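Notes follow once the structure below has been shown.
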Amino acid sequence: MNAIFSLVAVIVIIAAAFLGASIPRLDFLFGVVFPYAAITVFLAGIIYRVIKWSASPVPFHIPTVAGQQKSLPWIKDSPLESPHNTWGVIGRMALEILFFRSLFRNTKMEMKSGPKLVYGSSKYLWLGAIAFHWSMLIIVLRHLRLFMQPIPSFVLGLDSLDGFFQVGLPGLYITDVLILIALSYLILRRLTVRRIRYFSLASDYFPLFLLFSIAGTGVLMRYFYRIDLVNVKELAVGLFSFHPAVPQGTGVLFYVHLFLVCTLLAYFPFSKLMHMPGIFLSPTRNLANNSRMKRHVNTWNHPVRVHTYEEYEDEFREKMREAGLPLDKE
Amino acid sequence: MAGPKLKPEELASKIKYNLPPNGWMDQPVEFREGTFNYSGNPKNVEYLQLPNPRKWQPTDPDWQLPENWKEIILEGLRDRLHRFRSLQIFMDICVRCGACADKCHFFIGSGDPKNMPVMRAELLRAVYRKDFTLAGKIFGKYAGARELTLDVVKEWFYYFYQCTQCRRCSVFCPYGIDTAEITLLVRELLSLIGVNIDWIVTPVANSFRTGNHLGIQPHGFKDSIDFAVDELESITGVKVEAPINKKGAEILFITPSADYFGSPHYYTLLGYLALFHEIGLDYTWSTYASEGGNFGSFLSHDMMKSLNAKMYAEARRLGVKWILGGECGHMWRVVHQYMNTLNGPADFLEEPVSPVTGTKFGNARSTKMVHICEFTADLIKNGKIKLDKSRNDNRRVTFHDSCNPARALGLIEEPRFIIRNACNNFFEMPENTIKEQTFCCGSGAGLGTDENLEMRMRGGLPRANAVKFVKEKHGVNFLGCICAIDKATLPPLMEYWVGGVDVGGVHELVGNALIMKGEKERTTDLRGDPLHIEGNRHV
């Protein structure tokens, strides 16, 4: 149900773009107004959300550690799983953000008769996630060639690396293949693993369908229905330099692609996609395991009712005296 | 203790990972005997000045909540979103990838899909979306939003008191989402409308008043320690000193109250007493701060602070230099991650230095409290105590990492080092069940009650299963641990699922092995069990 709802939503968006972009007069709307609006919502939304998060303090020092603490000098600590200083935290965060360290730990539990529980390594989710995210990043960076003149050399380098296999004409990008496979896996996993489907929301399927449509229309444009890249570049450079101009004859498919990207950008700050900036702020990961070395201050550390020693001794003085325990007040 | 009605094999055969046909929002909670905890005693709720004291039970149709309960919870949630970045982030960034799903011992043992950590958090998130996010306000159910109703409150009570705050899921989560944090905050919200459980409220009230969860008054404390001193003398022939409330001692020693009142904790206490005597430690016990554990940390941050305040207050009053803490799990989470923030700075104490070895405990330089395993490992490494490993030859030992020392402190090698030096036969359980991946006893965070026994046995299954594995493979007959709740709740768990495995503390093993000056030849271990086994020279 949630999946159908999301699929229909994405189809409606594609249809709207298709119809809208077929009307020549709406070129400016789809080519200029929507992109600017989307990028504005994207940036402002992320900034707003991050500021809102940051406005809440981190009252307690609660890292979840996954390795030996730094304690006695002769015990080997594990600086990346249980970092005790900022460098360690940077290392731990880098592993988490660049290589999905925690997901890599994933296991699969099975209960056999007996009962006997076994835990096998399970890396498919990690593989799907890492393939998707890295492909996505490289694809986004590759797109910089459309926005910049001259094209930065790292973009060209990335381009040739991605097209390393030199298959077909135009050359096949490895990331194009990977992202479609990875997204298909993530969608199928959500749909077919009953346990995952049980807690999946429409907002879990929607971004997957949306991303798949974006990648799909991109692939169509590059390999099957070639569009005029000169036009696209003119539009992109125009947008990027704040001198927007809408070239004619770019094709409807391009506008569908662009509109889907705009939808993704505008949707981003309101969705779970905020895990991207959010991971940087996660207090169980971004704090060092130095809780007893350095005092962490809670800005709202309000006073609470306590039972003082004086009150305690007042209540139990006679019994303490009889038991021969020392007293503060005789 | 009465066991669950079901035999182990029956219970195991009933664990099915099936899913109900309808969506989770349409599946109401069912309070089945054996799987939930009874409500807080109104007398103690009142004593703690918590809201809405009354007689009620979870099975009542009417929970007698205050009229504006919904407003109280939503306002409480808003307030906590502003005070805890953790909560704000954990509400917003979960992608429901499902990596956490089969990491929870309660899910593994119950098969109940709402025990998947992601679902546990979704119970709160759905309400958060409804009232605090734009998408939830507009799209409602399609955005995963849900109206806060009485049924939701009942579901919260059931599932947030079916989480032991062990944080195993948080290790596997790609964003480190910490269910323990969410659980504690929901328990705070529930407490605002008078929804508490007795096994938390009553120990907290006891601890507030008498200084310990068991409600032992100062003279009772002294009797108990004196008795242990006598008992130790009869086993070892050595009379030890155990100073109480002694001003000017160098070190204040604080351990969970179960150590001096519960079994098998008691043998660990004998171990402490023997060790401190042998190294000539200038230390004191305290009756006012006679509890290491902190059941307040299962109820609210404020209650955690209130109970924890006694540690520093007593250290200041007695004028000690630093604090040494005994074997306990959640106590050490509170001491390590909260105490200095809540009740510090501890500028009236000194940076801890071992008076025996001169080692500076740099890792505790600000909080000024040292874990007994850090302390003892240092003694052993420096050759300051003599241990006769063969005195533990009647034990084939495995070690259960308690959740909090493992995942909050990273205290992993210290206890292992001690065990390896105190006994000859040590075997690790499978790697997915120890260290940072350790499985909870299934009874932590205030859930260790008799009425909740079935759920405890279910939640403890993964731990028990791993013990069974090493029992069958290596003949393990002793499960070592460093947590008072473990010592209380692992014995019935072992009895139910495994059989023939004793549970005890690491310092019990130390006490057995410790060669004391002037001791008589030991014929029994600290439990009074004969040391004799095949090939043992102590025959």
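Chain naming here is simple, since letters A, B, ... match the order of the sequence lines and numbering starts at 1 in each. Here the structure is a predicted model, which is why all the values come from computation and not from measurement.
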Please confirm whether the backbone N or O of B/R83 pairs with a side-chain atom of A/W300, one donor and one acceptor, at under 3.5 Å?
-> yes
Count the heavy-atom pairs under 4.5 Å between each of B/T133, B/L411, B/I244, B/T287 and chain A, then report the option with the highest count.
-> B/T287
Verify side chain to side chain donor-acceptor pair (under 3.5 Å) between B/E436 and A/Q68, making sure each step is shown before the conclusion.
-> CA-CA 9 Å; B/E436 74 277 2; A/Q68 172 62 37; over 6 Å; no
Candidate pair A/H84 and B/N363, rule side chain to side chain donor-acceptor pair (under 3.5 Å), full reasoning | CA-CA 9 Å; A/H84 72 277; B/N363 65 322; over 6 Å; no
B/R96 side chain to A/L201 main-chain N or O, any donor-acceptor pair under 3.5 Å?
-> no
Among B/K381, B/K222, B/E314, the residue with the most heavy-atom pairs under 4.5 Å to chain A is B/K381
Correct closest heavy-atom pair for A/P283 and B/S86 would be CG-CB, 3.7 Å
How are the rings of A/F5 and B/F139 set to each other: parallel, tilted or perpendicular (split at 30° and 60°)?
-> perpendicular
Contact summary for A/L281 and B/R85, nearest pair of heavy atoms = CD2-CD, 3.9 Å
Heavy-atom closest pair (B/Y142 atom, A/M1 atom, distance to 0.1 Å) is OH-CE, 3.9 Å
Is the backbone of A/H302 close enough, under 3.5 Å, to the side chain of B/K305 for a donor and an acceptor to pair up by distance?
-> yes
So CG of A/D77 and CD1 of B/I412: to nearest 0.5 Å the spacing works out to 11.0 Å
Should the pair A/W74 and B/F417 be assigned to parallel (<30°), tilted (30 to 60°) or perpendicular (>60°) ring geometry?
-> tilted
Between B/K247 and A/D328, does a salt bridge (charged side-chain N to carboxylate O under 4.0 Å, His left out) hold up when you go through it step by step?
-> CA-CA 10 Å; B/K247 286 197 176 170; A/D328 274 5; 2.7 Å; yes
For B/I89 against A/W53, the heavy-atom pair lying closest together | CD1-CD2, 3.7 Å
May I ask you to name which of B/D378, B/T433, B/L48 has the most heavy-atom pairs under 4.5 Å with chain A?
-> B/D378
Region of B/L81 that comes under 4.5 Å of a non-hydrogen atom in chain A | backbone
Contact origin within B/A309 toward chain A - heavy atom pairs under 4.5 Å | side chain
Does B/Q337 reach the main-chain N or O of A/P63 with its side chain, forming a donor-acceptor pair under 3.5 Å?
-> yes
Where do B/K103 and A/N106 land on the side chain to side chain donor-acceptor pair (under 3.5 Å) test, with the steps shown first?
-> CA-CA 9 Å; B/K103 307 304 179 286; A/N106 197 25; 2.8 Å; yes
What distance separates B/Y288 OH from A/T308 OG1, expressed to the nearest 0.5 Å?
-> 6.0 Å
Quick one: does A/R295's side chain have a donor or acceptor within less than 3.5 Å of a partner on B/N340's backbone?
-> yes
In sequence, state the C-alpha distance, the side-chain angles, and the governing distance for B/E414 and A/Q69, and then conclude on side chain to side chain donor-acceptor pair (under 3.5 Å).
-> CA-CA 10 Å; B/E414 293 86 344; A/Q69 67 167 346; 3.0 Å; yes
Show your reasoning for whether ring-ring contact (aromatic ring centres under 6.0 Å, His included) applies to B/Y175 and A/F280.
-> CA-CA 9 Å; B/Y175 316 117; A/F280 290 90; over 10 Å; no
Residues A/R49, B/D92; criterion salt bridge (charged side-chain N to carboxylate O under 4.0 Å, His left out); working and verdict = CA-CA 10 Å; A/R49 291 292 293 276; B/D92 286 333; 3.0 Å; yes
Heavy atoms only, distances under 4.5 angstrom: which of B/E431, B/R317, B/Q88, B/K435 has the most pairs with chain A? Name it, please.
-> B/R317
Check for a donor-acceptor pair, side chain of B/N245 on one end and backbone N or O of A/P326 on the other, with a separation under 3.5 Å.
-> no
Measure from the side-chain N and O atoms of A/R305 to the backbone N and O of B/D302, and report whether any donor-acceptor pair falls under 3.5 Å.
-> no
For a side chain to side chain donor-acceptor pair (under 3.5 Å) with B/R209, tell me which candidate from A/E311, A/E315, A/H307 qualifies.
-> A/E315
Backbone N/O of A/V306 and side chain of B/S306: donor-acceptor pair under 3.5 Å | no
Okay, B/E9 and chain A: the region with an atom under 4.5 Å from a heavy atom over there is neither
Atom group of B/L342 that falls short of 4.5 Å from chain A, counting heavy atoms | both
Heavy-atom contact with chain A under 4.5 Å, split by part of B/M303 | neither
Under 3.5 Å: donor-acceptor pair, side chain of B/N465, backbone of A/L117 | yes
Backbone N/O of B/V171 and side chain of A/T64: donor-acceptor pair under 3.5 Å | no
How long is the gap from OG on B/S170 to CZ on A/R285, to the nearest 0.5 Å?
-> 5.0 Å
Begin from the C-alpha positions of B/H219 and A/F316 and carry the test ring-ring contact (aromatic ring centres under 6.0 Å, His included) through to its verdict.
-> CA-CA 9 Å; B/H219 53 295; A/F316 297 113; 7.6 Å; no
